[in-house]
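Presented below is the structure to which this report refers.
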Amino acid sequence: MLPRDPHEPHRVASSLELFFDLVFVISVSTASSELHHALSEGHAATGITSYLMIFFAIWWAWMNFTWFATSFDVDDWLYRVVTIVQMAGVLVMAAGIAPVFDAHEPDFTIVVVAYVVMRVAMIVQWLRASRTNPALRRTALGYAIGIGAVQVLWVGFLFISNSIQLPVFIVLMLVEISVPIIAERQGSTPWHPHHITERYSLFTLIVLGESLLASATAIIGAREEVESIGPLIWIAAVTLISAAAMWWIYFWPPHHRAISTFRSSLIYGYAHYFVFAAAAAFSAGVEVQIDELTGHTELGFVPASFTTSVPIAVFLLGIWIVAIRDNADRVVNTVVPVGAVLVLLDAVLPVPVTLTAVILVAIVVVLVLRPPVRKEQSAH
C-alpha cells in the first residue's frame, strides 16, 4: 500500500469508488425522506436536528474513505474486501435512520453500530498503510489511534440520557473532525486534486439526482389527489429547472484550484458537509411543497416555502465559499451571494418556488457571460 502519485495523469474515480457511492444513495434517500415526514408533520426542529446529525455520519464516512483512497488506493483483494465491509455498514446505517427521527425518543443504536463498523474498517486501512510507508508511519498511526479512540466514545454515546445527546453529539463530532488535523501534522498524506474534486462532484450528482427522484415519486403519488394535474406539472418543471441550475452553478468553477494547500483542502472538504446536506434536503422541501398542495402537511404556506428556499440558499453560499469566490470576478462574487439571500427571502412571496427558479436561472446566465478567472486575475 504505497502512496499514489498526486500528479498521476488521467486519475479518475475507480469502479470500486463508484460502487461505493451507490450504497450512499440509500442512506441519503432515507435521511431526506425522514426529514420530509418530520417537516410535514410539524416537527421541524427535531427533524432538522436529526437530519443534520444523521447526515454527519453519512458525510464523514464517505469523506474519510474518499481522502484515504486518493492517497492509498491499491485496489487489491484486501483493499476491496475492507471497502465492501464499509459498504455493509452504510446499508445497516440506512436501516437505523428512521428510529433517530422519533420525535419523542430517538434511538441511535443501529446508526452508531453501523458507523463504528465503517470506522473500524478505516482503522484497518490506516494500520495497513502504516506498515508499508515508513515516512508516513506516524501519520497513519495517528489516524488509526484517533479514529479508534473516538469510536469508543461513540459507543458510550448510546448510554447517555436523551436530554444531553445533542450537546454530546456536537462535542464528539468536533473531536472526530479534529483527527485528520492532528494526524496530518505528523506528515502530510498526498492527494490528487483532480481525483478528489471529481469524487466530490460525483457525490453532488448523487444528491441532486436524489432530489429529482424524490420529487418525481412524490408527484406520481399525488396525481390522484389533486383536481388538476397542472400544478403538479409546474412543480415538476420548476424542480428540474432548479436542480439543473444548481448543477450548473456547482460545476462552473475549476474545483481542483480550491485544494492547493492543506488549509484550503480542509475548508473545501469540511464545508461540503453543508453543500451536500443542503442539496439532499432540497428533495425533502419539494415533497413538502407537494404535501402543501394536497393538504397533507401541518405547515403553513410560508414555512413550507422555506423548506426549499433554505436548502438552496445554503447550497449557493456553500459552493460560493469553497470554489466560486476565488475563481470569479466582482460581478459573479456579487450576484451569487446576493442571489442566495434573495432565494431565502422570496419564501414570503406568493410564488416562491417559481421565483427561486427564476433567480437560479439568472445566476446561471451571469455565470455563462462571466467565465472563471484565476485568483490573481480577479483582483483587477
Side-chain angles (χ1 to χ4, degrees), residues 1-8 11 16-17 20 56-76 78-87 89-90 93 112-157 168-193 195-197 199-200 258-273 322:
M1 186 172 276
L2 298 175
R4 296 287 293 261
D5 180 4
H7 305 291
E8 179 182 341
R11 175 82 186 274
L16 178 61
E17 289 175 310
F20 183 81
F56 170 78
I58 296 171
W59 162 77
W60 191 245
W62 177 87
M63 195 175 88
N64 274 247
F65 168 79
T66 297
W67 283 86
F68 181 87
T70 199
S71 301
F72 299 107
D73 181 2
V74 292
D75 200 30
D76 60 7
L78 182 55
Y79 179 87
R80 290 184 175 190
V81 169
V82 176
T83 299
I84 292 172
V85 170
Q86 294 179 70
M87 294 167 62
V90 179
M93 180 189 291
V112 169
V113 170
Y115 182 78
V116 170
V117 168
M118 291 187 287
R119 304 301 282 145
V120 169
M122 281 307 307
I123 293 174
V124 173
Q125 298 280 42
W126 281 113
L127 288 175
R128 186 183 178 198
S130 71
R131 295 183 60 185
T132 53
N133 296 277
L136 294 173
R137 178 177 174 81
R138 294 183 64 185
T139 301
L141 288 177
Y143 272 105
I145 294 171
I147 293 171
V150 180
Q151 301 325 296
V152 174
L153 298 177
W154 281 119
V155 173
F157 175 81
V168 172
F169 183 95
I170 293 173
V171 171
L172 293 183
M173 178 187 70
L174 293 175
V175 173
E176 185 85 80
I177 65 177
S178 69
V179 171
I181 299 174
I182 297 172
E184 292 287 333
R185 290 178 179 176
Q186 308 302 318
S188 181
T189 52
W191 71 83
H192 195 294
H195 174 252
I196 279 291
T197 52
R199 298 290 292 117
Y200 276 79
I259 53 174
S260 57
T261 65
F262 177 64
R263 180 178 179 275
S264 62
S265 68
L266 281 178
I267 295 173
Y268 184 88
Y270 287 6
H272 260 82
Y273 165 75
V322 300

Quick check for you: to the nearest 0.5 Å, what is the distance between [X] atom [atom1] and [Y] atom [atom2]?
X: R138; Y: R185; atom1: CZ; atom2: CZ; result: 13.0 Å
X: M118; Y: N64; atom1: CE; atom2: CG; result: 10.0 Å
X: T83; Y: L78; atom1: OG1; atom2: CG; result: 9.0 Å
X: M122; Y: Y143; atom1: CE; atom2: OH; result: 9.0 Å
X: F169; Y: F157; atom1: CZ; atom2: CZ; result: 6.5 Å
X: I177; Y: W59; atom1: CD1; atom2: CH2; result: 6.0 Å

[Y] and [X], any side-chain heavy atoms less than 4.5 Å apart:
X: V117; Y: V85; result: yes
X: R4; Y: H195; result: no
X: W67; Y: P180; result: no
X: R119; Y: E176; result: yes

Q: For this output row, return yes or no: ring centroids of Y200 and W62 closer than 6.0 angstrom.
A: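 Between Y200 and W62, the centre distance is under 6.0 Å.
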Q: Might you work through the side chain to side chain donor-acceptor pair (under 3.5 Å) test for E184 and T189, ending with a clear yes or no?
A: CA-CA 7 Å; E184 292 287 333; T189 52; 2.7 Å; yes
Q. So among W154, Y270, Y115, which one has a ring-ring contact (aromatic ring centres under 6.0 Å, His included) with W60?
A.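 Of the listed options, the one satisfying the test is Y270.
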[X] to [Y] - nearest heavy-atom pair and separation:
X: L141; Y: S130; value: CD2-OG, 3.7 Å
X: R11; Y: T70; value: NH1-O, 3.3 Å
X: L127; Y: A144; value: CD2-CB, 3.8 Å
X: A121; Y: V82; value: O-CG1, 3.3 Å
X: Y268; Y: V322; value: CD1-O, 3.9 Å
X: V150; Y: V179; value: CG2-CG2, 4.1 Å

Q. Does W191 use its side chain to pair, donor to acceptor, with the backbone of I259 at less than 3.5 Å?
A.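 Flag set: sc W191 to bb I259 pair under 3.5 Å.
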Q. Where the side chain of S71 meets the backbone of P190, is there a donor-acceptor pair that is under 3.5 Å apart?
A.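 Checked: pair present.
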Q: Just jot down the salt bridge (Lys or Arg N to Asp or Glu O under 4.0 Å) partners of R80, sequence neighbours excluded, or say none.
A: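 Result, salt bridge (Lys or Arg N to Asp or Glu O under 4.0 Å) vs R80: D75.
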Q.
Test of understanding: with salt bridge (Lys or Arg N to Asp or Glu O under 4.0 Å), list the residues that count as partners of D5, not counting sequence neighbours.
A.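 By the salt bridge (Lys or Arg N to Asp or Glu O under 4.0 Å) rule, D5 matches no residue at all.
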Q) Should Q125 and Q86 be marked as a side chain to side chain contact (heavy atoms under 4.5 Å, CB included) after you check the CA-CA gap, both sets of side-chain angles, and the distance that decides it? A) CA-CA 11 Å; Q125 298 280 42; Q86 294 179 70; 4.2 Å; yes
